[in-house]
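Down below is the structure, laid out as structure tokens.
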Number of protein chains: 2
Amino acid sequence: MDPACAMAKSEMVRKPATLKDVAALANVSRATAARALNSYGYVGDETAQKVQAAAEKLGYRGNRLAQALRSGQLPIVGCILGDIQNPFFARIAHDIEVLARECGHNLVIGSSEEELGQEISLLASLQSLSIRGFIVAPTSADNNAHLKGLIAENVPLVLIDRVAEGIDCDSVVVDNEGGARKAVEYLIGMGHRRIGLLQDDMRIFTSRERMSGYRAALAAGGIAPDDRMVAVSQSTVEHAVDATIRLFSQKNPPTALFTVDSLMTQGALLAFRSMGISIPHDVSLIGFDDFNLATFTDPQITVVAQPVAEIGRAAARLLFDRLSGQGGQPQKFRFETKMIVRGSVSRRRDA
Amino acid sequence: MDPACAMAKSEMVRKPATLKDVAALANVSRATAARALNSYGYVGDETAQKVQAAAEKLGYRGNRLAQALRSGQLPIVGCILGDIQNPFFARIAHDIEVLARECGHNLVIGSSEEELGQEISLLASLQSLSIRGFIVAPTSADNNAHLKGLIAENVPLVLIDRVAEGIDCDSVVVDNEGGARKAVEYLIGMGHRRIGLLQDDMRIFTSRERMSGYRAALAAGGIAPDDRMVAVSQSTVEHAVDATIRLFSQKNPPTALFTVDSLMTQGALLAFRSMGISIPHDVSLIGFDDFNLATFTDPQITVVAQPVAEIGRAAARLLFDRLSGQGGQPQKFRFETKMIVRGSVSRRRDA
DNA sequence: AGACTGTGTGAGATCGATCTCACATATATT
DNA sequence: AATATATGTGAGATCGATCTCACACAGTCT
């Protein structure tokens with residue numbers, strides 16, 4: 001009556017072969033089979049061949065779970081980023097995955113969605129897997145007991161894109177403050193004085209640093225900071241559109257805008273278009289983080305570019321160095337940014 | 001002398017607490033502790049509380065590896081896609097991760113980079129993890145013994161974006177042929193007769209289907225297929241640039257181009273710009289798969305959009321339905337595409 | 001011959017959680 | 001009082017791979 005039952009005898013779930021099966025087929029003990037397959041200790045030539053043949057025949061493929069339980073380590077690394085849909089993180093995730101594969105590891109990925117709670121529970125869940133190490137872009141710069149916990153348990157951790165207070169471990173970030181400062185100084189040099197900032201949540205490390213670069217440049221240019229010039233948004237195109245519209249709907253809107261990441265830059269572009277504001281005629285724009293789209297618009301968008309191709313690789317390299325037992329002081333990389341001048345900033349004569 | 005040794009006594013690797021530790025602290029057996037924590041079988045109230053307290057105190061967090069070894073299943077699903085950097089796949093990966101998390105699972109991600117070998121070894125490596133199920137965008141439509149192997153071992157598998165010959169399992173794809181056909185018919189309706197196709201490797205399922213829609217539309221329009229109108233490229237912006245340049249450097253270039261994915265569409269855009277070819281004046285363009293950039297260009301690009309927000313969720317839903325024991329015939333979803341007419345196609349009077 | 005070393009092998013413990021079973025008690029039913 | 005049933009608990013097996021240890025035999029050296 002039930003076809004699944006009819007199938008039961010012939011075609012039922014073919015379980016993967018275990019070492020015991022191999023040993024039985026080769027007429028040796030499990031211990032000997034293990035020695036033959038992992039080539040350690042003494043094994044007779046003939047025996048070794050028998051075991052190899054048996055393993056071959058059964059399609060034996062070890063059980064990494066059992067191995068990991070014994071050794072205490074699963075050859076997997078975890079990676080917790082803000083959002084894989086952000087091309088910046090997508091690139092990083094990709095590079096990490098490639099390097100992990102080269103090192104015989106797999107990659108578990110999780111999005112914190114910039115929520116601390118999510119980051120914590122994700123981390124806990126991965127930690128209980130005896131995962132070997134983590135690469136994390138922490139959501140919060142301050143609130144990081146969970147990261148301290150990792151370090152206390154001696155699990156290798158590399159922070160990426162952002163560092164966290166009181167966490168002493170390997171890290172790879174860029175010079176956010178310097179990059180932001182360069183950008184804003186450039187705007188000031190072009191005659192702008194009412195310079196807007198479209199920034200992300202201040203919990204986030206990069207947002208803080210970029211904000212601080214913005215402030216430093218203003219100060220150096222003798223411009224008083226003005227809260228009306230600053231809008232806060234989440235890092236999505238949609239939120240950035242709204243924030244930009246708010247910022248530019250006031251009486252005395254900025255003459256230039258600095259956006260702290262590429263999704264926000266895109267949001268600003270959309271907002272300007274919908275408001276009929278033209279770049280660079282009506283307003284100048286410069287964004288942190290380069291992105292494909294930046295060269296497709298007219299005019300092309302001037303940006304502060306990060307060495308995105310190096311960040312993921314550098315972080316993965318650091319992690320696998322630790323995993324291979326290298327000790328020593330934590331290494332802290334800070335990459336330089338590079339301003340790419342295109343056409344979205346114009347000189348301002350009045351002001 | 002060695003600071004690491006000095007540290008050894010006080011601050012050495014704090015191993016996570018095991019059930020045994022909890023049981024010892026609560027003065028009960030492991031069995032009872034397990035019952036108390038997982039609430040099954042009979043446990044005295046007082047005992048249960050003691051155990052809870054002990055677990056709390058030690059920060060006990062079960063070892064998923066050990067649990068998985070016993071149960072035979074690790075609460076992780078695997079996902080093998082072409083390339084997370086492609087926004088289409090990034091979106092899918094993100095949606096799958098979210099749903100996996102809701103179902104108490106983690107996500108292991110791998111890029112096949114469209115290489116069959118990579119796909120096979122990645123799959124083998126994940127299979128030996130006793131991973132519970134897979135979502136795969138198979139590189140090759142024909143060569144799929146590894147997928148058959150999965151099914152033989154009764155590991156739930158959902159194919160996404162592409163199906164594979166002779167593999168009978170759940171799948172989620174879009175109507176590639178219909179979408180491509182609509183696009184090309186639209187071009188024909190606008191008076192074009194020399195219609196170029198920029199396509200991906202023919203191993204790939206979507207590429208085949210889109211090609212076939214292209215051919216069908218030509219045939220229906222009474223246009224003889226012409227190999228000189230077809231260029232093959234890998235699915236990256238860079239390769240697409242080259243291919244487009246080749247295609248449009250010939251004597252009688254196409255008057256319209258249909259590109260089979262968004263990265264190729266971007267490549268074509270760059271190529272046209274570098275060649276001084278203007279859209280839609282000199283050439284009309286329509287791409288498969290919508291993308292952010294499409295609305296930022298001038299003119300905006302007409303595309304055949306896929307319901308990208310539904311694909312990942314649908315696939316994950318299918319997978320978790322299987323994991324929760326639902327049997328029955330494989331379900332095969334095929335989503336409709338939708339043409340979004342923007343400004344990159346112009347009517348052609350001559351021809 | 002007796003004491004070595006060098007090879008080869010298997011029995012059994014281990015990793016941590018879970019589950020079955022047997023064995024206690026306590027309460028309820030005849 | 002005798003039997004049944006409900007409740008609570010622990011000893012030990014299990015998942016699969018690996019590693020320690022003990023043991024067996026070969027050949028070598030005094």
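Chain letters run A, B, ... following the sequence lines, proteins first, then strands; residues in each count from 1. Quick caveat, the model's predicted, so the values are computed rather than measured. In what follows, every heavy atom counts, from backbone to side chain, and hydrogens, waters and symmetry copies are set aside.
Residues A:L81 and A:A93 approach most closely at CD1-CB, 4.0 Å, considering heavy atoms. The minimum heavy-atom distance linking A:V22 with A:A55 is given by the pair CG1-N, 3.8 Å.
Across the interface with DNA chain D, nearest-nucleotide mapping of A:P16 and B:V28 shows B:V28 to be the residue nearer the 5′ end.
The side chain to side chain contact (heavy atoms under 4.5 Å, CB included) test applied to A:Q52 returns A:L37, not counting sequence neighbours. Applying the salt bridge (Lys or Arg N to Asp or Glu O under 4.0 Å) test to B:K20 and every residue at least two apart in sequence or in another chain returns nothing. The side-chain hydrogen bond (donor to acceptor under 3.5 Å, both in side chains) check on A:D142 picks up A:R208, with sequence neighbours excluded. Residues satisfying the ring-ring contact (aromatic ring centres under 6.0 Å, His included) criterion with A:F205, sequence neighbours excluded, are absent altogether. Taking B:R313 as the reference, nothing meets the salt bridge (Lys or Arg N to Asp or Glu O under 4.0 Å) condition, with sequence neighbours excluded.
Side-chain contact annotation: A:Q67 with A:Q73, donor-acceptor N/O pair under 3.5 Å absent.
Only B:R30, B:A31, B:T32, B:R35, B:Y42, B:V43, B:G44, B:T47, listed by number, bring a heavy atom of residues 30-52 of chain B to less than 4.0 angstrom from any atom of DNA chain D. Within a heavy-atom distance below 4.0 Å of DNA chain D, no residue of residues 58-67 of chain B is found.
Among residue pairs with one or both ends in residues 131-167 of chain A, none qualify as ring pair (Phe, Tyr, Trp, His ring centres under 6.0 Å); sequence neighbours excluded. Every pair passing salt bridge (Lys or Arg N to Asp or Glu O under 4.0 Å) that includes a residue from residues 109-130 of chain A is listed here, sequence neighbours excluded: A:E113-B:R101, A:E114-A:R162. The list of side-chain hydrogen bond (donor to acceptor under 3.5 Å, both in side chains) pairs with a residue in residues 53-65 of chain A, not counting sequence neighbours, reads A:R64-A:N106, A:R64-B:S125.
A salt bridge links B:D168 and B:K332; the closest N-O separation between the charged side-chain nitrogens and carboxylate oxygens is under 4.0 Å.
Close approach of DNA chain D to chain B, defined as any atom under 4.0 Å from a non-hydrogen atom of the protein, starts and stops at D:dT7 to D:dG16.
In this structure, the helix from C:dA1-D:dT30 to C:dT30-D:dA1 shows an angle of 70° between the axis at its start and the axis at its end, each fitted on 5 base pairs and rounded to 10°.
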